[in-house]
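Just so it is clear: chains get the letters A, B, ... in the order the sequence lines come, proteins before strands, and each one is counted from 1.
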Amino acid sequence: MEQPILEVKNISIDYPISIGTVEAVRNVSFSLKEGESIGFVGESGCGKSTLGLSLLRLLRPPGMVVGGQMLYHGTDLLSLKEEEMRKLRGNNIAMVFQNPLTSLDPLYSIEDQFFETLKEHNPQITRQEAVERAGKVLEDLSIDKDRLYEYPHQLSGGMRQRIMIGLGLILNPDLLIADEPTTSLDVIVEAGFIDLLARLKKEYNISLILISHNLGLVAEIADRIAVMYGGMIMEIGEAGDIFARPMHPYTEGLIGCVPNIKMDQEKLASMPGSPPDLVTPPAGCRFSPRCPKVMDICREKTPVLQDYKNGRKVACWLYNEAE
Amino acid sequence: MEDLIRVENLRKEFPVQKSFFDQLFAGKKKGFVHAVDDISFEIKKGEVLGLAGESGSGKSTTGRLLIRLLDPTSGNIYFEGENLADISSKDIQKFRSKMQVVFQDPNSSLSPRMRVGDAIGHPLKIHTDLGTEERKRKVMELMERVGLSPAEFLYYKYPHQLSGGQSQRVVLARALVTNPEFVVADEPIAMADVSVRAMILELMKELKEEFDLTYLFVTHDLSTAKYICDRIAIMYLGRIVEIGNTRELFDNPHHPYTKALLAAVPVPDPAQRRTEEIPRGEIPSAIDPPAGCHFHPRCRYATEACSKGRPKMKEVSPGHFSACILD
Ligand SMILES: Nc1ncnc2c1ncn2[C@@H]1O[C@H](COP(=O)(O)OP(=O)(O)OP(=O)(O)O)[C@@H](O)[C@H]1O
Ligand SMILES: Nc1ncnc2c1ncn2[C@@H]1O[C@H](COP(=O)(O)OP(=O)(O)OP(=O)(O)O)[C@@H](O)[C@H]1O
Ligand SMILES: [Mg+2]
Ligand SMILES: [Mg+2]
């Protein structure tokens with residue numbers, strides 16, 4: 001069987017803080033084939049960025065992986081030396097971070113940031129070559145190449161976000177982790193970005209982990225979708241299938257919340273309640289306090305991800321019981 | 001209804017550097033970004049005016065100009081009868097607590113060393129004489145209200161300990177804590193998830209009624225704009241190309257750019273991918289914008305005449321204006 005590019009097995013991540021431990025990610029497992037794209041969706045604070053950052057070993061302190069394995073082409077990322085990990089970053093695995101302004105250095109021009117990134121992985125590269133490559137990437141992202149000589153504060157929010165995407169792509173990684181890459185982009189630029197990803201996928205067979213709460217965007221890009229809640233994967237499966245037949249009540253709720261411009265809405269749909277406190281998460285299923293279909297067992301025991309048809313997996317007692 | 005703000009012929013240009021190569025060999029001179037290129041509109045008291053349009057079209061710049069965080073190149077901005085474009089930056093201070101702003105990128109607008117509670121209470125410290133206890137009470141109340149709950153727990157956290165959505169709520173709370181009259185909300189919910197988004201929009205609506213607030217709501221998300229805005233102005237490369245009542249604009253869009261934007265909104269269903277109507281061409285540069293109508297190189301309806309001069313704003317139905325020669 002073909003080896004997956006990435007295999008994540010039972011990863012758990014904690015943030016120990018003064019009043020206890022934030023259980024940000026719990027027992028997350030998934031795998032990604034070459035050229036495949038997976039979308040992680042879920043409400044704010046459910047651990048999407050934490051999971052993404054952990055793959056590059058860039059967790060913000062005091063975050064730490066407390067269990068599990070992450071195999072990239074079969075190599076356990078957690079056991080690599082920092083030196084080896086640094087080589088992988090950018091060259092092989094790249095990430096587009098969630099906050100475009102804070103991740104760009106305000107003191108350096110865009111040109112410098114591209115040059116530094118390229119130089120770190122190829123010390124021989126000249127400024128001229130760097131500018132040429134950067135200019136080409138910017139063009140792909142509909143940014144004038146004259147913008148290379150500007151500083152982050154001179155660019156609009158959406159441009160900064162595209163610069164971040166450009167810095168992520170410039171080294172031709174084979175795995176790209178994009179955390180909310182289009183939150184500041186208008187729909188037309190976003191459509192251009194989607195085209196670009198489709199092209200990269202076709203031309204370079206790049207694999208993609210897309211983190212977003214924008215289900216519309218995920219629906220357009222991802223082959224598979226993983227729905228996270230309170231640090232856990234609640235449901236995972238083929239994108240079209242999940243939209244057509246959501247199984248987990250949380251997935252159903254999320255899909256119901258997506259504003260649809262084609263319809264008139266007096267009130268925006270929203271899910272009652274708020275995400276759980278991850279220091280003292282609810283017993284049993286973490287979604288049980290907000291679940292419209294909650295049963296007694298849900299408050300007592302945590303359901304595990306179980307296989308169903310078409311590679312779908314669901315962690316919900318509604319189905320576990322039916323087995 | 002009376003106008004709270006009236007903007008006349010507002011312009012903002014930023015100087016840009018060309019590459020050394022271009023300056024030397026291509027003979028190109030220092031250029032300008034025409035970030036805001038002669039726009040006029042008014043915002044009525046108690047109204048939510050939406051500003052939508054392409055990335056880099058000048059939405060944030062317009063927002064900053066209105067509250068004089070930036071100085072205009074030319075034009076007038078009347079607020080309560082005074083021309084903000086004319087008064088000195090010292091005199092602008094007395095307007096500061098009446099005008100607040102929520103920025104696009106929550107993390108960069110929060111100081112990493114200030115605890116959440118102190119950050120939200122900071123404007124109260126500057127603009128009011130409330131005591132420490134009273135400030136804290138007010139802040140906690142507002143925190144619970146914007147969904148920063150439990151407040152007594154989050155009050156003492158630092159920005160880096162928050163998720164993206166939580167930071168956005170902090171920034172919103174900080175802007176609303178002084179009960180301003182006018183709020184420029186620059187993509188206030190871009191980072192928030194679906195349920196937070198609904199909650200914050202709902203909250204902004206409620207507060208607007210309670211405190212008679214007026215918003216300039218900058219967004220690139222038309223479904224959000226549709227929900228919260230009374231009127232919407234669509235910007236393209238520094239100019240307003242269409243403005244009108246939200247309903248009217250959605251039911252009866254006139255400008256081809258508005259039509260394209262509406263067609264490009266993603267539908268949450270993988271079976272329905274976006275249509276081919278989306279202009280995929282290169283976005284023209286704001287440094288050397290196309291002649292005539294800025295949109296013509298990407299417009300499927302463009303004719304010769306479109307490159308010949310700036311189209312005038314025409315009233316296509318009562319209160320609904322569009323700048324396209326086809327109208
Ligand atoms: N440095 C940190 N210290 C303590 N807790 C943290 C830290 N970073 C994140 N957390 C907590 O971990 C949980 C997961 O956060 P994370 O940023 O991964 O969520 P997310 O799913 O990316 O949310 P969003 O959609 O808002 O970006 C949250 O409860 C958050 O408060
Ligand atoms: N301080 C500055 N110096 C130079 N150019 C600037 C500055 N601020 C903005 N610009 C330029 O002005 C133009 C308009 O930017 P603005 O931030 O207003 O766009 P926007 O419509 O808010 O876009 P977005 O949706 O991407 O946030 C852009 O070309 C931008 O690069
Ligand atoms: Mg995140
Ligand atoms: Mg902006």
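With a 4.5 angstrom heavy-atom cutoff, A/Ile19 touches chain B only via side-chain atoms. Contacts between A/Leu155 and chain B at a heavy-atom distance below 4.5 Å are absent for every atom of the residue. Contact of A/Pro62 with chain B is not made at all, since no heavy-atom distance falls under 4.5 Å. Of the atoms belonging to A/Thr182, it is backbone heavy atoms, and not side-chain ones, that fall under 4.5 Å from chain B. At a 4.5 Å heavy-atom cutoff, B/Tyr156 makes no contact with chain A through either its backbone or its side chain.
Salt-bridge check for A/Asp241 with A/Arg245: passed, with a basic side-chain N closer than 4.0 Å to an acidic carboxylate O. Under a 4.0 Å N-O distance rule, the pair B/Asp186/B/Lys59 does not qualify as a salt bridge. By the 4.0 Å N-to-carboxylate-O rule, A/Arg160 lies too far from A/Glu150 to be salt-bridged with it. Note on A/Asp140 versus A/Arg162: no salt bridge recorded, every NZ/NE/NH1/NH2 to OD/OE distance being 4.0 Å or above.
Ring pair A/Phe287/A/Tyr229 is perpendicular by interplanar angle, where above 60° counts as perpendicular and below 30° as parallel.
Your options are A/Arg147, A/Glu111, A/Met159, and the one with the most heavy-atom pairs under 4.5 Å with chain B is A/Arg147.
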